[in-house]
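None of the values given here were measured: they were computed from a predicted structure. To find a chain, count down the sequence lines: A is the first, B the second, and so on, and within it residues start at 1.
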2 protein chains.
Amino acid sequence: MCQRYTLDPIGNHARVQQLRVSGFMTKVTSIHPAGTAEPNRSERKHKAILDAATEVFLQNGYLGTNMDDIAARSAVSKQTVYKHFESKEALFVEIVTSMVSVAGDRVHSQIPEFQGSEDLAEYLSNYAYQQLIVVLTPRLMQLRRLVIGEVSRFPELAKVLYERGPKRAMMALAANFAVFAERGLLEIEDPAIAASHFNWLVMAEPVNQVMLLGDGAIPKLDALRRHAEQGVSVFMAAYGRK
Amino acid sequence: MCQRYTLDPIGNHARVQQLRVSGFMTKVTSIHPAGTAEPNRSERKHKAILDAATEVFLQNGYLGTNMDDIAARSAVSKQTVYKHFESKEALFVEIVTSMVSVAGDRVHSQIPEFQGSEDLAEYLSNYAYQQLIVVLTPRLMQLRRLVIGEVSRFPELAKVLYERGPKRAMMALAANFAVFAERGLLEIEDPAIAASHFNWLVMAEPVNQVMLLGDGAIPKLDALRRHAEQGVSVFMAAYGRK
DNA sequence: CACATAGTACTGGACAGTCTAGTTTGATTC
DNA sequence: GAATCAAACTAGACTGTCCAGTACTATGTG
């Protein structure tokens, strides 16, 4: 009764899209004096559509969004929208997967390196604080709400978000913890479990609040700082050297 | 552009509904031999509609649900649906608020009493285990997804879920912790923070997984038991008597 | 010229909510 | 037990609106 979409990277959509995209690429993007790419008209429109659609999907959800609105907001005719994206579904999937990847990379790249000399608790505190700042943005929280609300219609998208989001973060963390344990800085039996404990001591409370109470509930920086420190102190009590 | 609904317990909807309900009540519900209430036709239909609508809303979301489907599934004419509920919106709000309340009460009533004699860690472990079992059900996880997905359309519903769910649980927990601290069983500065740490050490990882990976990711009982113990052991390391 | 785009009308289908005409239920009364 | 009556109900047609996706013509643009 209610369609269930799956990501289908070698299926019809992707193939058709591929053909269209290669069409794009025949015109070589000219290079701007400053060195930045000077997007031609088609590329500008493409981006305008993506930007507008992102906004609308995040705000209204998949079903709550209509293509006429996207066309109007991107100042483009509806026909042009369909020239660039095969369907509403394809547009949605592309936007969400792309946002998830970008966000996942940003979270990942934000990880500071541990300088052997500093205090471990302080390092972890900064780490936690950075993660909180990157994750607790309206954009990311809206994305999370959107994907969670569409789990039954787009289960693959949620899986991707899980893997490029919390799972990836916790695996990176676990790898770090394993090193710290090796060096005798932490006492850890299972680095994966310790990573989960760390991650959720830090993230769970504010993320849960913002998910339900809205972006207005995003805490201020000093509150995040304190929150990070409190979480880390519990973590250190359990996993620090006795 | 996109309607935003608010809960309006003394507004038009409620008043109209009240009139209709009093009509119901003129006919006194007859008493079954066994002592259970024998619902008359109207009450049976009312419940059938609620049950069907619950199923469909949880599965397909608010916009993904249509009233014809609800009528068909409850084996009732569409007119009857509108006799019992003023609108799709009213039906949705009633279902969600009612589920949230029922679930909140169930979680709350599941709290065991601490017998002074037993081991505190063991008690907390059982406590955590019970909460996990009650919360990690398909129904509750679907409800959570539904409400989160509708935050921008129905912000009040999400607020209610937050308050009757995690907030209430953590406040009960904090009250308990304050007593334990008083008795010298735990070392706690701020019971609310300790409660948040406890709650999320236990709940965050599985809830997050199930929210994104679907109800198939609900862990088995023995895994929940282990998970509860691991969370509690971290908690005790931080807040137990040194 | 070739191709992308604008603008706009159109198709086909879905859906919330209403309307109507007739039927069922169950309590009351004779 | 039969007649009566009001409220609840069914079935399905109907309205008005919304919307994904298409068609077509005219207008830029490289």
Can you check whether K88(A) reaches L91(A) side chain to side chain, under 4.5 Å on heavy atoms? no
Does L173(B) reach the side chain of Y127(B), with side-chain heavy atoms less than 4.5 Å apart? yes
Base, sugar-phosphate or nothing for A75(A)? Non-hydrogen atoms, less than 4.0 Å.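 Sugar-phosphate, no base atom in range.
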How is T80(A) classified with respect to the nucleic acid when contacts are heavy atoms under 4.0 Å: base, sugar-phosphate, or nothing? sugar-phosphate
Nearest to side-chain heavy atoms of Y82(A), which nucleotide of dG21(D), dG17(C), dT5(C):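 So the nucleotide nearest the side chain must be dG21(D).
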Which of these nucleotides, dG21(D), dT18(C), dA6(C), is closest to any side-chain atom of K78(B)? dT18(C)
In terms of the angle between their ring planes, are Y62(A) and F154(A) parallel, tilted or perpendicular, with boundaries placed at 30° and 60°? perpendicular
H46(B) vs H84(B) aromatic rings, parallel, tilted or perpendicular, using cut-offs 30° and 60°?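 Because their plane-to-plane angle lies in the 30° to 60° range, the rings of H46(B) and H84(B) count as tilted.
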Specify the separation, in whole Å, of atom [atom1] of [X] and atom [atom2] of [N].
X: F85(A); N: dG21(D); atom1: CZ; atom2: P; value: 14 Å
X: D68(B); N: dA13(D); atom1: CG; atom2: C1'; value: 12 Å
X: N60(A); N: dC18(D); atom1: CG; atom2: P; value: 15 Å
X: M67(B); N: dA14(C); atom1: CE; atom2: P; value: 18 Å
X: E89(B); N: dA16(C); atom1: CD; atom2: P; value: 13 Å
X: E43(A); N: dG30(D); atom1: CD; atom2: C1'; value: 14 Å
X: K45(A); N: dC3(C); atom1: NZ; atom2: P; value: 19 Å
X: R44(A); N: dA4(C); atom1: CZ; atom2: C1'; value: 12 Å

Residue closer to the 5' end of DNA chain D, Q79(A) versus L63(A) (nearest nucleotide):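 Mapping each residue to its closest nucleotide by heavy atoms, the 5'-most match is L63(A).
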Is R164(B) atom CZ crowded by more than 12 heavy atoms from other residues, nucleotides or ligands, each under 6.0 Å away? no
Residue-phosphate contact under 4.0 Å: K88(B) side-chain N/O, dA16(C) OP1/OP2: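 So the side chain of K88(B) is within the cut-off, an N or O lying under 4.0 Å from OP1 or OP2 of dA16(C).
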Does H84(B) have a side-chain nitrogen or oxygen under 4.0 Å from the phosphate oxygens OP1 or OP2 of dC9(D)? yes
